Protein chains: 2
Amino acid sequence: MKDTDDKLTSRNIKPTAMRELVLDILTEQKMAISLSDLEQKFHKSDKVTLYRTLKTFEEKKLIHSIDDGTGAIKYALCKETCQCHPEDLHVHFFCLKCQHTFCLSNIPIPSINLPVNFSVENINMVVKGVCSNCND
Amino acid sequence: MKDTDDKLTSRNIKPTAMRELVLDILTEQKMAISLSDLEQKFHKSDKVTLYRTLKTFEEKKLIHSIDDGTGAIKYALCKETCQCHPEDLHVHFFCLKCQHTFCLSNIPIPSINLPVNFSVENINMVVKGVCSNCND
DNA sequence: AAAGTTTATGCAACTGAGTTGCAAACTAAT
DNA sequence: ATTAGTTTGCAACTCAGTTGCATAAACTTT
Ligand SMILES: [Mn+2]
Ligand SMILES: [Mn+2]
Ligand SMILES: [Zn+2]
Ligand SMILES: [Zn+2]
């Protein structure tokens, strides 16, 4: 668990057993998962502990959250270098067939021209459609 | 209420008293409002009736819904000509100061290049920042 | 090592948005 | 007026997210 520990400590998160476990699960995922998805990956677990673990991870920018419109926030690992700044933002994709949410990590969010006197802090862009896996 | 009635019937919605009232409230709004916002504009009202009214309006494309990430879906009137097709989609703005959600009706959602074999049905783009009103 | 302090975990209980079922009220057509 | 279809109101429920509090575990200081 040396690697996992390092990832945690480098983000100023104390590496507890619980947190290592959660980080390992998140690392395995090819798609973003919700709190209840995460909960179901344990035989016995406490939702609140997992909830707070995710909150801590997000706060320390180890993961980022995605509101894909399904009603449950999804979470995915950030890149090593990610500081969750506007330049780290990318498009997310929700597949209407398999219901999975993906990070399109290499598709940056296009910049837009806002009306005068509007300032931007953050942008959420979720594309819904059918993923390559589900398109035959 | 002739005008209100016409708007309803032109979208194939039977003009009941309740629906006229809701449409009038929605028409007055400069920003998108949630179900509970709407509920609070009545002295006495039934949340479920308002809920179903909004659902009907949305289904008939009289209004569209916006998931701004606050946890409550917001609703705003569609343009007369709107068919809620991709070409009708526009950017939405959530002000972190006044907590209001606006339609940026004349800012279309920029098109993006998805990975191969991904197809698009819908795009949700919400910009968060400070609106002109709150920027002095 | 023991005592004290901080931090993490587990359990219970709650909030708030959204939703369903069903019966009463209403509307439109015969 | 009778009927059939639609809308409304009330109760009750689901489910994600959240808070409070007590215990457990991890560090700090002596
Ligand atoms: Mn992502
Ligand atoms: Mn809009
Ligand atoms: Zn898919
Ligand atoms: Zn504002």
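As a basis for the values below, the full set of heavy atoms in this structure was taken, side chains included, without hydrogen atoms, waters or symmetry mates. Note on naming: letters A, B, ... go to the chains in the order of the sequence lines (proteins, then strands), and numbering restarts at 1 for each one. In this text the structure is predicted, and so the values were computed from the model without any measurement.
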**Request:** Identify, with sequence neighbours excluded, every residue that meets ring pair (Phe, Tyr, Trp, His ring centres under 6.0 Å) alongside B/F93.
**Result:** A/F118

**Prompt:** OP1, OP2 of D/dT7 versus side-chain N and O of B/T16: anything below 4.0 Å?
**Reply:** no

**Message:** Can you measure A/I13 atom CD1 to C/dT7 atom P for me and round it to whole angstrom units?
**Reply:** 15 Å

**Request:** Would you please name every residue forming a ring pair (Phe, Tyr, Trp, His ring centres under 6.0 Å) with B/H100, sequence neighbours left out?
**Result:** none

**Message:** Nearest whole Å is fine: how far is C/dG16 P from B/Q40 CD?
**Reply:** 11 Å

**Prompt:** To the nearest Å, how far apart are A/E39 CD and D/dG17 C1'?
**Reply:** 12 Å

**Item:** Under 4.0 Å protein heavy-atom contacts per nucleotide of nucleotides 18-25 of chain C, with B for base, S for backbone only and - for none
**Value:** BBBBB---

**Request:** Starting at atom CZ of A/F42, determine the distance to atom C1' of C/dG10, rounded to an integer number of angstrom.
**Result:** 14 Å

**Test side-chain hydrogen bond (donor to acceptor under 3.5 Å, both in side chains) applied to B/T56 - qualifying residues, sequence neighbours left out** = none

**Request:** For B/E58, check side-chain hydrogen bond (donor to acceptor under 3.5 Å, both in side chains) against everything at least two apart and list the hits.
**Result:** B/S65

**Asked** Roughly how far, to the nearest 0.5 Å, is CG of B/L23 from CD1 of B/I63?
**Response** 9.5 Å

**A/D37 CG to D/dA16 C1', straight-line distance once rounded to whole Å** = 12 Å

**Asked** Of all residues at least two apart in sequence or in a different chain, which pass the side-chain hydrogen bond (donor to acceptor under 3.5 Å, both in side chains) check with A/D46?
**Response** A/T49

**Complete:** A/D46 atom CG is separated from D/dT23 atom P, nearest whole Å, by 16 Å

**Item:** Distance, rounded to the nearest Å, where B/D68 contributes CG and C/dA17 contributes P
**Value:** 12 Å

**Asked** Could you give the CG-to-C1' distance, from B/L50 to D/dC10, as a whole number of Å?
**Response** 14 Å

